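Notes follow once the structure below has been shown.
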Amino acid sequence: MSTSSQPQFRYTQTPSKVLHLRNLPWECAEEELVELCKPFGKIVNTKCNVGANRNQAFVEFADLNQAISMVSYYASSSEPAQIRGKTVYIQYSNRHEIVNNKSPGDTPGNVLLVTIEGVEPNDVTIETIHLVFSAFGFVHKIATFEKAAGFQALIQFTDAETASSARNALDGRSIPRYLLPDHVTSCYLRISYSAHTDLNIKFQSHRSRDYTNPYLPVNPTAMEGLLQPVVGPDGKKQEPQSNVLRASIENMQYAVTVDVLHKVFSAFGTVQKIAIFEKNGGTQALIQYPDVTTAAVAKESLEGHCIYDGGYCKLHLSYSRHTDLNVKAYSDKSRDYTISDPSLLATQVPGLPAAPNAWQNPQGVPVHHGTDYSASAAIQGQPPAGQVPAWDPNFQARPTYGSVPGQTYQSLTAPTYVNAARPAGSSPLSQPGASSMPMQQQQQPPWANVRQGGAAVLGRPPYYSR
DNA sequence: AGCACA
């Protein structure tokens, strides 16, 4: 009667609190797994869509006995374990814990992160990207940027389902050749999910679009052709200047905090925002000034200098492509000094113009996969259900035909934050001390004043040495 | 239907 040599017992494993489940239905959801397993104990971790057919999964119980009870139950049950009517085969995993490699990119969301491989950014226009992805649903916004990984785009759909259908159809595929310049033979799309839910597109430009907001001003500096490299006196091309500096910190023997950077870079003018992040195994920071001139002076003065004596924390400066950073107002890795009282932000309702610069999203997550400082991407409040995603009311320019976009934008922004909001390229507003002070400051730098601000914690004053 | 891969 009893069949003691069922095939599934041929590979009997030593018990583990991790169970291996197979023959799962297509795209079996974690919830379905949990439903099946939770009667036997507390599930502490899962890994779904495993295997070539993505029809296997792992479930980890809190306790070994819970896993044993589930395996024992179905070993003797006349009813097999089932999900959606499909028999699920359960056995002990040969590992004893789930190492969750669930990268953020595998967590579905309505925004896709697309890496376009094998092309120069100019080979694929934003119109092409829009065309390709519109096949799956309304594309709300696109932001493109260049990264070490290549040319990338964030593409915002209405919901995760639409985004997922686009990802499933296009991941690993090439953009059709007829949409590409002749010299490009193929360009493969690597698609993952972004953690963003609402991109903060500030301008319509060749690198970013907001298809939900026809009145969004066109960024004069971001338009094609205007971002020409500066040709230096030696005839060599220089990177385009920017009001935002990128600092790579070499030989970082001591912690470089936001406060330290603020102290150092404030010597040359008002520092508006700072963001620190890790890139390529090193520490980098973005420092935003109100204008290019101030940034240029700071760059020239600080390049190659060390924050601490002894060759520690040597600064290498370049111009960022960004002109306005999206950073958390106050965190250990970022600061927005244009926000007068960060505590106000806690009470700010997303989507409402509660604070003068509500466009500076308090919940903004500047770091995306560790490196995404795209000035045009940040999480905003979720759009109300059934509505077009809200763009920031402060940001919604009325049709002011004939005016300069940059100035239109300024006038719509609360006056106190004009500096913070001013797009690069418009004429620099007077910035007290910005142009004249730095040189003097360089002679008599601020370390004399540095106290407990961060450097003193380290027991040595900041010091710039060659 | 038979063990994950960043």
Side-chain angles (χ1 to χ4, degrees), chain A residues 3-37 40-41 43-64 66-109 112-115 117 147-150 152 164 167-168 171-172 188-196 277-282 365 367-372:
Chain A
T3 52
S4 58
S5 58
Q6 292 287 337
Q8 59 260 48
F9 301 124
R10 251 191 291 152
Y11 301 96
T12 303
Q13 310 281 331
T14 57
S16 163
K17 58 184 162 57
V18 180
L19 299 182
H20 176 225
L21 295 86
R22 47 185 217 278
N23 201 35
L24 294 167
W26 173 247
E27 301 235 312
C28 177
E30 183 185 41
E31 295 72 50
E32 297 174 287
L33 280 180
V34 170
E35 281 305 308
L36 177 70
C37 302
F40 300 94
I43 296 156
V44 295
N45 208 349
T46 67
K47 185 163 182 68
C48 308
N49 297 318
V50 165
N53 298 324
R54 297 169 64 80
N55 61 354
Q56 301 174 39
F58 296 91
V59 172
E60 180 177 339
F61 282 101
D63 189 83
L64 177 64
Q66 298 167 349
I68 292 174
S69 74
M70 182 166 184
V71 169
S72 316
Y73 175 84
Y74 284 111
S76 58
S77 167
S78 53
E79 291 287 306
Q82 288 187 323
I83 290 179
R84 290 187 229 164
K86 206 161 179 258
T87 296
V88 174
Y89 299 87
I90 303 167
Q91 62 186 154
Y92 299 114
S93 171
N94 53 25
R95 301 194 203 176
H96 289 84
E97 65 178 340
I98 292 178
V99 288
N100 235 349
N101 295 320
K102 206 182 283 178
S103 65
D106 288 331
T107 309
L112 295 178
L113 172 64
V114 180
T115 304
E117 296 180 340
K147 282 279 168 282
Q152 294 191 313
S164 149
R167 185 181 111 120
N168 292 338
D171 191 18
Y188 291 98
L189 305 173
R190 297 282 167 231
I191 306 179
S192 61
Y193 295 103
S194 165
H196 296 300
F277 55 99
E278 297 294 316
K279 184 157 186 178
N280 304 331
V365 179
V367 186
H368 177 72
H369 294 316
T371 55
D372 175 11

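In what follows, every chain begins at residue 1, and chains take the letters A, B, ... in the order their sequences are listed. All heavy atoms count here, side chains included; hydrogens, waters and symmetry mates do not. The structure displayed is predicted, hence computed values, not measured ones.
Remark: of the listed residues A:Q66, A:H96, A:E60, A:E60 is the sole one forming a side-chain contact (heavy atoms from CB on, under 4.5 Å) with A:K17. When A:H20, A:M70, A:R22 are each tested for a side-chain contact (heavy atoms from CB on, under 4.5 Å) with A:I90, only one passes: A:M70.
Nucleotide B:dC3 holds its P atom 17 Å from the NE2 atom of A:H96, rounded to whole Å. Summarising the geometry, the separation between CG on A:N94 and P on B:dC5 is reported as 14 Å, rounded to the nearest angstrom. With rounding to whole Å, A:D106 atom CG is found 9 Å from B:dC5 atom P. When rounded to the nearest whole Å, the span between CG of A:N55 and P of B:dA1 equals 8 Å. Rounded to an integer number of Å, the gap from CD of A:Q82 to P of B:dA1 is 14 Å. Residue A:W26 contributes atom CH2, which lies 15 Å from atom P of B:dA1 at whole-angstrom precision. Counting to the nearest Å, the C1' atom of B:dA4 and the CG atom of A:L24 are 13 Å from each other. Distance A:N49 CG to B:dC5 C1': 15 Å, rounded to the nearest Å.
With B:dA4, B:dC3, B:dA1 as the candidates, the nucleotide lying closest to the side chain of A:Q91 is B:dC3. Each of B:dA1, B:dA4, B:dG2 was ranked by its minimum atom distance to the side chain of A:H20; first place goes to B:dG2.
In this view, A:Y188 satisfies the ring pair (Phe, Tyr, Trp, His ring centres under 6.0 Å) rule with no residue, not counting sequence neighbours.
Using a 4.0 Å heavy-atom distance criterion, A:E97 is classed as a base contact. Using a 4.0 Å heavy-atom criterion, one finds that A:N23 contacts the sugar-phosphate atoms exclusively.
A:Y89 does not qualify as a stacking partner of the B:dG2 base, lacking a centre-to-centre distance under 5.5 Å together with planes within 30°.
The distance from the CD atom of A:E32 to the SG atom of A:C37 is 11.5 Å, given to the nearest 0.5 Å.
In this structure, A:R22 does not reach the B:dC3 phosphate: none of its side-chain N or O atoms is under 4.0 Å from OP1 or OP2.
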>> With ring-ring contact (aromatic ring centres under 6.0 Å, His included) as the criterion, how do A:F40 and A:Y73 come out once you've worked through the C-alpha distance, each side chain's angles and the decisive distance to 0.1 Å?
In response: CA-CA 9 Å; A:F40 300 94; A:Y73 175 84; 5.4 Å; yes

